[in-house]
Amino acid sequence: MIAPALLTSFWGAQLHAGGTPPQRAERYFLTARTHLQSQSTNVAAQWKFGRACFDWAEFAEDNKQREEIANQGIEACRNAVARQPKLIEGHYYLAMNLGQLARTKSLGALKLVNEMEKEFQLAHSLDEKFDFAGPDRNLGLLYLQAPGWPTSIGSRSKARHHLERAAKLNPNYPENRLNLIEANLKWGDKTGAQREFKALKELWLAAKNEFSGESWELSWTDWEKRRKTVESKVAEAGKTLAVPNGKK
């Protein structure tokens, strides 16, 4: 899960300080850690460090490093919500860091998935529009990717509900559309995939202007690659739909 919004508010001028995305993420992490060390009981410093941990963990060299970074973010966010139980940022970035930790586990990830679900649901109840409809987007991905019952919480109906809700709440955010297209393709919903891809094409140029600058560089690299992949799949699906009963 890439969350580009993590780099769009707190760091200000540092966003344009140069360097590669990993270098910038590490710099933000170190700055946030220093800030937290000087204000250890400051709730804003706690959740902002949690946000920086999630982002820096995206570039971890191995599972050991990712686990160490994620655990720091988890601790900071737990402290934040302990002080302010209705702090959306605390619940949201706690869930995000739990996701990073889950990436380092096998069977142990299942327990973390349940806690992620709870924290994203809490974030959703506080502000469903946060981080470009982030609570719905991440709940949708969680239900899409997790194993189904009785092993875990995976659910096609829940995944569809939340991914569609994210696209409705923030229709011009490319990530929301791409997730829904990929999910529809996975489910064999060719008509749905074509509909969402048409919407994605229509918003693409405007999104390029809205989400611009160094802080969005990594996201656009990911989005461009995924768009190219789904475009070919949607085109192939269109050929099948054009032939009655799928026969040649």
N184 versus R160, side-chain donor and acceptor atoms under 3.5 Å: yes

Taking atom types as modelled and ignoring hydrogens, do the side chains of Y92 and D127 form a donor-acceptor contact shorter than 3.5 angstrom? no

Test: [X] and [Y] ion pair at under 4.0 Å:
| X | Y | answer |
| --- | --- | --- |
| D136 | K168 | no |
| D222 | R226 | yes |
| E115 | R78 | yes |
| R66 | E61 | no |

How long is the straight-line distance from [atom2] of [Y] back to [atom1] of [X], given to the nearest 0.5 Å?
| X | Y | atom1 | atom2 | value |
| --- | --- | --- | --- | --- |
| R33 | S38 | CZ | OG | 12.5 Å |
| F59 | F29 | CZ | CZ | 13.5 Å |
| N138 | L142 | CG | CG | 8.0 Å |
| C53 | E75 | SG | CD | 9.5 Å |

Backbone of [Y] reached by a side-chain donor or acceptor of [X] within 3.5 Å:
| X | Y | result |
| --- | --- | --- |
| E119 | M116 | no |
| R83 | V43 | no |
| R137 | D131 | yes |
| T151 | P147 | no |
| Q46 | S40 | yes |
| N176 | A166 | yes |
| T221 | E217 | yes |
| W56 | P22 | no |

Are [X] and [Y] an aromatic pair by the rule of ring centers under 6.0 Å?
| X | Y | value |
| --- | --- | --- |
| Y143 | F120 | no |
| W223 | Y173 | yes |
| H35 | F49 | no |

Give me the atom names and distance for the closest heavy-atom approach of [X] to [Y].
| X | Y | result |
| --- | --- | --- |
| Q194 | A237 | NE2-C, 4.4 Å |
| L36 | A76 | CD2-CB, 4.4 Å |
| A52 | Y28 | CB-O, 4.1 Å |

Which residue in the set E182, E202, E196 passes side-chain hydrogen bond (donor to acceptor under 3.5 Å, both in side chains) when paired with R177? E196

